[in-house]
There are 4 protein chains.
Amino acid sequence: MAISKTRALAGVFADEARHLGKSARTRARLMDAAVGVFARDGFEAASVNEIARAADVANGTFYLHFKDKDAIATEVALRIAGDVARRLDAAMVDLDDAIERTSRATRQFLEIACGQPEWGWALLRAMWSLPSLRKQMASYLRADLKRGVRQGAFTVKVDDLLIEVFTAMAASALLARLNGEAGAEAGSKVAELQLRMLGVPAKRAAATAWRPLAPEALPG
Amino acid sequence: MAISKTRALAGVFADEARHLGKSARTRARLMDAAVGVFARDGFEAASVNEIARAADVANGTFYLHFKDKDAIATEVALRIAGDVARRLDAAMVDLDDAIERTSRATRQFLEIACGQPEWGWALLRAMWSLPSLRKQMASYLRADLKRGVRQGAFTVKVDDLLIEVFTAMAASALLARLNGEAGAEAGSKVAELQLRMLGVPAKRAAATAWRPLAPEALPG
Amino acid sequence: MAISKTRALAGVFADEARHLGKSARTRARLMDAAVGVFARDGFEAASVNEIARAADVANGTFYLHFKDKDAIATEVALRIAGDVARRLDAAMVDLDDAIERTSRATRQFLEIACGQPEWGWALLRAMWSLPSLRKQMASYLRADLKRGVRQGAFTVKVDDLLIEVFTAMAASALLARLNGEAGAEAGSKVAELQLRMLGVPAKRAAATAWRPLAPEALPG
Amino acid sequence: MAISKTRALAGVFADEARHLGKSARTRARLMDAAVGVFARDGFEAASVNEIARAADVANGTFYLHFKDKDAIATEVALRIAGDVARRLDAAMVDLDDAIERTSRATRQFLEIACGQPEWGWALLRAMWSLPSLRKQMASYLRADLKRGVRQGAFTVKVDDLLIEVFTAMAASALLARLNGEAGAEAGSKVAELQLRMLGVPAKRAAATAWRPLAPEALPG
DNA sequence: CATGAATGAGCTTTCATTCAT
DNA sequence: TATGAATGAAAGCTCATTCAT
């Protein structure tokens with residue numbers, strides 16, 4: 001516990017960089033700080049000085065590590081997205097059923113993003129302004145949707161628009177949760193709607209989406 | 001055609017104010033300019049100076065007509081949303097079937113927003129940063145969804161989250177169209193997905209969503 | 001009483017101009033408004049627009065009557081100073097004793113200026129920034145001081161510096177009263193100090209400075 | 001002499017900060033510049049940009065060192081007042097006679113303030129708009145006036161109004177000297193008037209106020 | 001590598017002033 | 001005369017970015 005507490009304080013990136021060189025550690029501190037500042041002030045209102053201050057480095061130091069505000073924002077977003085995707089993947093590595101996979105992906109995505117609201121906000125803002133991020137997340141998703149079609153579970157054509165729409169549904173639920181307008185059940189609600197949309201019979205959709213998540217599948 | 005071209009150049013608000021006093025015309029010019037700047041730069045990045053320049057008035061003139069950027073943004077967003085809602089309403093005044101209404105609302109919303117891409121972008125950005133705008137649009141939608149439940153066509157619970165999700169689906173399609181990633185068929189695609197999600201049988205959903213829109217129902 | 005109330009509402013200048021042409025009346029309204037705005041906001045912070053608004057005329061109208069803010073300020077100050085001087089003069093027309101005259105001048109000046117705090121502030125600010133105003137007020141004063149020397153009551157050399165110092169003493173008392181730091185007795189206190197400074201024996205100075213002012217000598 | 005000339009050019013604050021860090025030196029330059037601009041334009045009319053230009057730094061640099069115009073004005077005024085008070089105090093440390101002290105305070109105050117006309121103007125303007133400055137200067141004065149009363153030399157009641165009036169007399173002499181309307185004798189003249197006002201017999205007042213100031217008591 | 005003082009463009013806002021009506 | 005919309009210079013202030021140390 002003490003360790004995880006320290007982790008939280010130091011920030012996830014700083015923690016990962018603990019054993020790297022000084023430069024990498026400073027860089028990581030900046031990224032952790034950026035996540036916090038973006039989440040608090042929003043991307044536009046965040047200032048480089050503020051990020052540097054939060055990272056406890058001189059403002060000039062920022063520019064040794066990042067070209068500008070956009071650069072750190074993009075990097076942070078991609079790293080977060082990559083991390084989230086990796087965790088989702090790991091949680092579903094031995095799961096074959098597409099319906100189950102799709103439902104879990106949405107539900108666990110929300111759990112992870114809401115468990116670390118700062119990351120959640122950063123992700124949300126990044127999904128809005130970084131198409132490349134959406135593309136990255138889409139590749140995992142596309143595979144599962146295609147799998148569902150192959151398995152005869154989904155009766156839709158899998159194309160870019162479907163991916164966008166599916167993603168937007170999850171994103172809107174994330175926004176509602178981060179805003180406090182929706183509770184923990186939002187994940188199941190949206191997963192159910194998504195499955196219905198994909199052609200899963202209502203009963204099956206409800207059963208899958210509302211089945212309790214195994215504790216080991218939850219974020220740690 | 002010549003006329004509609006002039007209209008486009010002058011901007012919709014300026015056009016409406018053509019016969020009003022000088023003050024109202026300047027105000028309208030500023031609103032048209034704001035639409036363009038918000039659409040191009042986003043709300044946060046837009047500057048009052050830029051809006052004034054686009055409206056071809058001195059920067060000080062802006063403050064004769066609006067207290068600040070928020071004031072013009074809110075007014076523009078509400079006027080646009082009101083205009084769109086009015087047009088949707090008018091097109092469906094004699095339509096009773098909820099499935100039909102819901103499908104049409106999404107499809108025509110996209111037609112209208114894409115027909116005037118600047119308005120489309122402004123709407124999209126406003127929906128992101130003005131919750132009040134989402135609430136306003138939601139009220140129309142909620143009525144139709146409830147109607148569908150009453151008619152036995154929709155098998156979902158109508159709550160805030162459903163509204164948000166439904167709206168997000170339309171918004172994601174709008175984004176794809178404005179980005180050029182999706183074509184005119186995006187409206188039907190999304191409408192179909194929405195109907196499936198609401199519980200409409202796949203066949204009926206497809207039939208309704210892809211039925212050609214009567215020309216008179218299209219925006220003029 | 002009703003009349004004097006109306007006077008107060010309309011402003012002194014407007015009242016004086018009641019029977020003049022329209023232009024003169026507008027001009028007078030502007031001057032009354034300026035007195036109020038200068039007193040409330042200070043000269044620097046006062047804006048022409050605000051004066052025009054207080055006078056209930058269009059902002060452009062201001063420039064038909066005054067070249068700029070300085071012009072109206074100077075004119076207002078000189079008119080006020082002239083008015084005050086006239087009233088002081090009238091109240092002392094049959095008074096020969098220089099000691100008495102000097103004491104009364106200070107005390108009644110304070111009464112008048114404090115009776116109309118807006119005029120008081122305007123005067124005070126004007127005395128600070130308009131040397132010409134100080135010169136104007138000085139001429140009356142110089143006559144009385146010389147009279148006192150002639151009468152053998154004052155044992156000082158009457159020169160510019162004495163006038164300035166004497167005036168500054170009255171002004172500082174005015175400031176203290178307008179600030180609420182001093183009460184009605186400030187006039188007598190300062191008058192006594194002035195007389196002592198001029199060489200009047202302490203007893204005589206006190207007796208004169210603290211003798212109740214005849215009611216008819218008070219401002220109406 | 002060459003050195004003292006350089007000092008004058010660099011400004012007193014900059015000179016004091018010569019051996020400090022770069023930040024402190026820039027800050028000092030800004031304060032010197034502010035003294036000059038306040039003296040020339042007055043506090044209200046002075047602009048931050050103008051101060052920065054006079055200090056030969058970028059406008060943004062100003063805000064690295066001071067929150068706003070008020071902050072630098074207050075600091076400058078207090079530093080000047082403190083400096084003047086310290087010098088007066090030092091020159092009178094072994095002086096017991098209240099009459100002598102009071103006379104010297106006024107005369108040397110004028111010498112100091114006129115020896116550095118910019119500081120004189122800044123002081124004058126600050127006394128007008130910063131009551132806190134008057135209060136600070138008053139505390140020294142009050143002690144000497146009370147001492148005079150204790151010693152039986154002054155026959156007045158020492159209260160706030162007396163302090164204000166006494167201060168105003170010195171200030172008016174300072175103004176006259178800075179304006180060029182009065183010469184070096186103004187100090188003695190005013191000191192004499194002040195002593196007479198306080199109750200010192202005319203002869204003694206004149207003798208004290210006009211006694212040549214020892215050279216070592218003059219500002220260096 | 002890191003620092004942090006300095007920069008200056010650019011933002012929001014106010015306001016004295018002009019001018020077509 | 002009077003109006004009031006429009007102007008544009010200039011104010012206060014912020015912030016991404018550079019650079020000497």
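Throughout, protein chains are lettered first and strands after them, A, B, ... in sequence-line order, and every chain is numbered starting at 1. As a basis for the values below, the full set of heavy atoms in this structure was taken, side chains included, without hydrogen atoms, waters or symmetry mates. Remember, predicted model here, so these are calculated numbers, not experimental data.
Nearest-nucleotide positions on DNA chain F for D/Asp68 and A/Asp68 put D/Asp68 closer to the 5' end.
Within the 4.5 Å cutoff, no side-chain heavy atoms of C/Glu44 are placed close to those of C/Lys69.
Counting to the nearest Å, the P atom of E/dC15 and the CG atom of C/Asp41 are 9 Å from each other. In this entry the distance linking CG of A/Leu30 with P of E/dC1 reads 13 Å, nearest Å. Atom CD of D/Glu44 is separated from atom P of E/dC15 by 13 Å (rounded to the nearest Å). In this structure, C/Tyr63 places its OH atom 13 Å from C1' of E/dC19, rounding to the nearest Å. In this structure, A/Arg53 places its CZ atom 12 Å from C1' of F/dC15, rounding to the nearest Å. Atom P of nucleotide E/dT13 and atom CZ of B/Phe66 are separated by 14 Å, given to the nearest angstrom. Atom-to-atom, CG of B/Leu20 to P of F/dG4 comes out at 18 Å; the value is rounded to the nearest Å. Whole-Å rounding puts the D/Lys69 NZ to F/dA10 P distance at 16 Å.
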Extract all donor-acceptor atom pairs below 3.5 Å that involve side chains of residues 30-41 of chain A and protein atoms in other chains or at least two apart in sequence.
from    : atom 1 : to      : atom 2 : distance (Å)
A/Asp32 : OD1    : A/Val12 : N      : 3.2
A/Asp32 : OD1    : A/Phe13 : N      : 3.0
A/Asp32 : OD2    : A/Phe13 : N      : 3.2
A/Asp32 : OD2    : A/Ala14 : N      : 2.6

Side-chain donor-acceptor pairs under 3.5 Å in residues 48-67 of chain A, sequence neighbours left out?
from    : atom 1 : to      : atom 2 : distance (Å)
A/Glu50 : OE1    : A/Arg53 : NH2    : 2.9
A/Thr61 : OG1    : A/Ala58 : O      : 3.4

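Every residue was checked against the ring-ring contact (aromatic ring centres under 6.0 Å, His included) condition with B/Trp121, not counting sequence neighbours, and none meets it. The side-chain hydrogen bond (donor to acceptor under 3.5 Å, both in side chains) check on A/Glu16 picks up A/Arg79, with sequence neighbours excluded. Scored by the side-chain hydrogen bond (donor to acceptor under 3.5 Å, both in side chains) test, A/Arg29 finds no partners at all (sequence neighbours excluded). Under the ring-ring contact (aromatic ring centres under 6.0 Å, His included) criterion, B/Trp128 pairs with A/Trp128, not counting sequence neighbours. By the side-chain hydrogen bond (donor to acceptor under 3.5 Å, both in side chains) test, B/Arg134 pairs with B/Glu164, sequence neighbours left out.
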Kindly give the atom pairs (protein nitrogen or oxygen, nucleotide nitrogen or oxygen) under 3.5 Å for nucleotides 2-6 of chain E.
from  : atom 1 : to      : atom 2 : distance (Å)
E/dA2 : OP1    : A/Thr26 : OG1    : 3.0
E/dA2 : OP2    : A/His65 : NE2    : 2.9
E/dT3 : OP2    : A/Ala58 : N      : 3.2
E/dT3 : OP2    : A/Thr61 : OG1    : 2.8
E/dG4 : N7     : A/Asn59 : OD1    : 2.8
E/dG4 : N7     : A/Gly60 : N      : 3.2
E/dA5 : N6     : A/Asn59 : OD1    : 3.2
E/dA5 : N6     : A/Asn59 : ND2    : 3.3
E/dA6 : OP1    : D/Thr26 : OG1    : 2.2
E/dA6 : OP2    : D/His65 : NE2    : 2.9

Base-pairing string, 5' to 3', of DNA chain E - Watson-Crick or wobble, under 3.5 Å, | interstrand:
.||||||||||||||||||||
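Across all strands, A/Ala52 comes closer than 4.0 Å to no nucleic acid atom at all (heavy-atom distances). If you check every strand for non-hydrogen atoms under 4.0 Å, C/Ala24 touches nothing.
C/Leu123 contributes atom CG, which lies 6.5 Å from atom CG of C/Leu133 (distance to the nearest 0.5 angstrom).
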